[in-house]
Amino acid sequence: MDRERIPQHVAIVMDGNGRWAKKRGQIRVMGHNAGMQALKEIVKHSDVLGVKYLTVYAFSTENWKRPKDEVSGIFKLLVKYVAQEIEELDANNVNVRILGDWSMLPKDARSAVTRALETTKDNTGLVFSIALNYGGRADIVMAARKLAREAAAGEIDPEDINEDSVSERLYTSGMPDPDLIIRTGGEYRLSNFLIWQAAYSELVVTDVLWPDFTPEEYEKAIEEFLKRDRRFGGVK
Ligand code: IPE
Ligand code: IPE
Ligand code: MG
């Protein structure tokens, strides 16, 4: 693959865990567990491919609507993921970040998050962001609140607010917008993921369910991206 043209920032809507489990007569949490295994490989492969920023949608602000058991199962898997992977992530110079309000997570999940952030905070390799209790609208609301507070305090002039000042106050502050958004599970929607940041992202949807998303499928999605003609509103 042409390393020069590899997307700098890849974001993934990891969908289809429930359907994967259902197909096997298993409970949904088993699908999330299999999805976590798939994620491990995708993170490693991002480094191999030369992707600089990998952002994954792990839990949305809307996912609280799910049965309690499923929600707690997902957060238990987060704890397990950090326990199993953090040393290797750190050894590979991966910088873990969280997008979303994780103060609302169960205590053990918050401890795992704190450990992951602390351990990898000085790492300069792949920036791996996990969207947890993340919603694109909540992201924009939070930025609006920050701007309003700064304006009320006289720190900024409302007339000076521009696109960059909004971007700088989002959870993704300092990161480039995603070049490529991959959605597994076949649905053609963003489901409130990075809605501001996705303005000019290329979207690749695959029917493959997230637990079946292998590094090979990842490369296929990138190949698809490489065929796209990005015009950003201009002309060729
Ligand atoms: C995505 O898989 C993972 C989360 C939302 C946490 P789903 O659980 O939504 O899987 P499907 O869409 O029901 O198959
Ligand atoms: C999006 O998947 C959220 C995550 C992958 C974490 P959902 O399964 O929640 O999305 P909808 O409900 O199909 O839009
Ligand atoms: Mg789903």
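Just so you know, ligand 1 is whichever comes first in the structure, and atom 1 is the first atom listed for that ligand.
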Pull out every atom of ligand 2 sitting under 4.0 Å from any heavy atom of Met14, numbered as shown with elements.
-> 5 (C)
Got the closest protein heavy atom to atom 7 (P) of ligand 1, with its distance?
-> Asp15 OD1, 3.5 Å
Short N or O distance, Asn17 and ligand 1, threshold 3.5 Å exclusive = yes
For Lys220 and Glu224, run salt bridge (Lys or Arg N to Asp or Glu O under 4.0 Å): C-alpha distance rounded to whole Å, both residues' side-chain angles, the deciding distance at 0.1 Å, then the answer.
-> CA-CA 6 Å; Lys220 273 196 229 165; Glu224 171 68 33; over 6 Å; no
Which bit of Phe193 gets closer than 4.0 Å to ligand 2, counting heavy atoms only: side chain, backbone, both or neither?
-> neither
Taking the non-hydrogen atoms of Arg183, is any one of them nearer than 4.0 angstrom to ligand 2?
-> yes
Do you see a donor-acceptor pair shorter than 3.5 Å between the side chains of Trp196 and Asp177?
-> no
Can you find an N/O atom of Ser60 closer than 3.5 Å to an N/O atom of ligand 2?
-> no
Does atom 13 (O) of ligand 2 have a protein non-hydrogen atom under 4.0 Å from it?
-> yes
Going by heavy-atom distance to atom 8 (O) of ligand 1, choose the closest among Arg66, Glu187, Lys23, Glu70.
-> Arg66
Give the atom name of whichever N/O/S atom in Asp15 sits closest to the Mg ion (ligand 3).
-> OD1
Hey, are Ser60 and Asn63 close enough side-chain-wise for a donor-acceptor pair under 3.5 Å?
-> yes
Does a donor on one side chain sit under 3.5 Å from an acceptor on the other, for Asn162 and Ser165?
-> yes
For ligand 1, find out whether one of its N or O atoms is nearer than 3.5 Å to an N or O atom of Gly18.
-> yes
Between Ala58 and ligand 2, which residue portion shows a heavy-atom distance shorter than 4.0 Å: side chain, backbone, both, or neither?
-> backbone
Taking atom CD1 of Ile98 and atom CZ of Phe128, what is their separation to the nearest 0.5 Å?
-> 8.0 Å
